[in-house]
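Down below is the structure, laid out as structure tokens.
Computed from heavy atoms alone, side chains included, the values below leave out hydrogens, waters and symmetry copies. The shown structure was predicted, so the numbers you read here are calculated from the model rather than taken from an experiment.
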Amino acid sequence: TGSNYRVEGADGTMAVLKVCNSYSPEDVNAQANISAHLSAAGFKKACAAMPTRGSAGHEFVSLARDGTPVMLLSWVDGVPADKLVDAGTHEVGEVLASIGAALAELHSVPVEPSCGLRTIDSGGG
């Protein structure tokens, strides 16, 4: 399980602090690497892992005092799909079509073997 918190930097930048309870640091790092890969490929419809301070952009996961892995994610503005439908501003079919289009875009991001992401064979289920 995890907990997400909206945080605001001193410069006003919004981000998400993701506390990854019950996850190993390796699994959280794998998640962070996927989101960083998507962002680097131009996919901006999901939060992207933000590098830890002083990591030269290659490390995304820190450990809380109790050893729980945490990461900082970019903020993506939006409204939950159910809120749009409940408010009557969008039809269910329109919302589902938009979600489907975003998923199609996500799944069209190229993944080269050399990018270092875990595969299903290496435990990246």
State, to 0.1 Å, how close [X] and [Y] come at their nearest heavy-atom pair, and which atoms those are.
X    : Y   : answer
Y23  : P69 : O-CG, 3.3 Å
N21  : S3  : ND2-OG, 3.8 Å
C20  : M71 : SG-CE, 4.4 Å
D77  : W75 : OD1-NE1, 2.8 Å
A48  : S39 : CB-CB, 3.5 Å
P110 : H37 : O-NE2, 2.9 Å

>> Would a single hydrophobic cluster contain both L106 and V109, if residues Ile, Leu, Val, Met, Phe, Trp and Tyr are joined by side-chain heavy-atom contacts under 4.5 Å?
In response: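 Same hydrophobic cluster.
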
> Under a single-linkage definition using a 4.5 Å side-chain heavy-atom cutoff for Ile, Leu, Val, Met, Phe, Trp and Tyr, are I34 and V76 assigned to the same hydrophobic cluster?
Replying inline: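 Cluster IDs for I34 and V76 differ.
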
> Any donor and acceptor pair, going by atom type alone, linking the side chain of N29 with main-chain N or O of P25 inside 3.5 Å?
Replying inline: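 A pair under 3.5 Å: no.
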
> Is it true that a side-chain atom of S74 and a backbone atom of C47 form a donor plus acceptor pair closer than 3.5 Å?
Replying inline: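 No; judged by distance alone, with no hydrogens or angles, the pair does not exist.
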
Side-chain donor-acceptor contacts of residues 81-96 below 3.5 Å, not counting sequence neighbours, with atom names and distances?
from, atom 1, to, atom 2, distance (Å)
T89, OG1, L84, O, 3.3

>> Can you list everything that forms a side chain to side chain contact (heavy atoms under 4.5 Å, CB included) with S22? Sequence neighbours excluded, please.
In response: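 With sequence neighbours excluded, S22 shows a side chain to side chain contact (heavy atoms under 4.5 Å, CB included) to T1, given in chain and number order.
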
> Of all residues at least two apart in sequence or in a different chain, which pass the side chain to side chain donor-acceptor pair (under 3.5 Å) check with S98?
Replying inline: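 Testing S98 for side chain to side chain donor-acceptor pair (under 3.5 Å), a comparison that skips the adjacent residues, returns none.
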
> Does a side-chain heavy-atom distance below 4.5 Å link L117 with V111?
Replying inline: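 Yes, close enough: below the 4.5 Å cut-off.
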
> What residue pairs, at least two apart or across chains, pass side chain to side chain donor-acceptor pair (under 3.5 Å) with a residue in residues 62-73?
Replying inline: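 Checked against side chain to side chain donor-acceptor pair (under 3.5 Å) - neighbours excluded - the pairs reaching residues 62-73 are D66-T68.
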
> Which other residues belong to the hydrophobic cluster containing L63, where Ile, Leu, Val, Met, Phe, Trp and Tyr are joined when side-chain heavy atoms lie under 4.5 Å apart, directly or via other members?
Replying inline: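 Besides L63, the cluster holds no residue at all.
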
>> Running the 4.5 Å side-chain criterion over Ile, Leu, Val, Met, Phe, Trp and Tyr, what cluster does M50 land in, apart from itself?
In response: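 Once heavy-atom contacts under 4.5 Å are chained together, M50 belongs with Y5, V7, L17, V19, V70, L72.
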
> When rounded to the nearest 0.5 angstrom, what is the spacing between CG in L73 and CD in Q31?
Replying inline: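 Taking CG in L73 and CD in Q31, the distance rounds to 9.0 Å.
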
> Could you give the distance from CZ (F60) to CG (N33), rounded to the nearest 0.5 Å?
Replying inline: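 The CG atom of N33 is 6.0 Å from CZ of F60, to the nearest 0.5 Å.
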
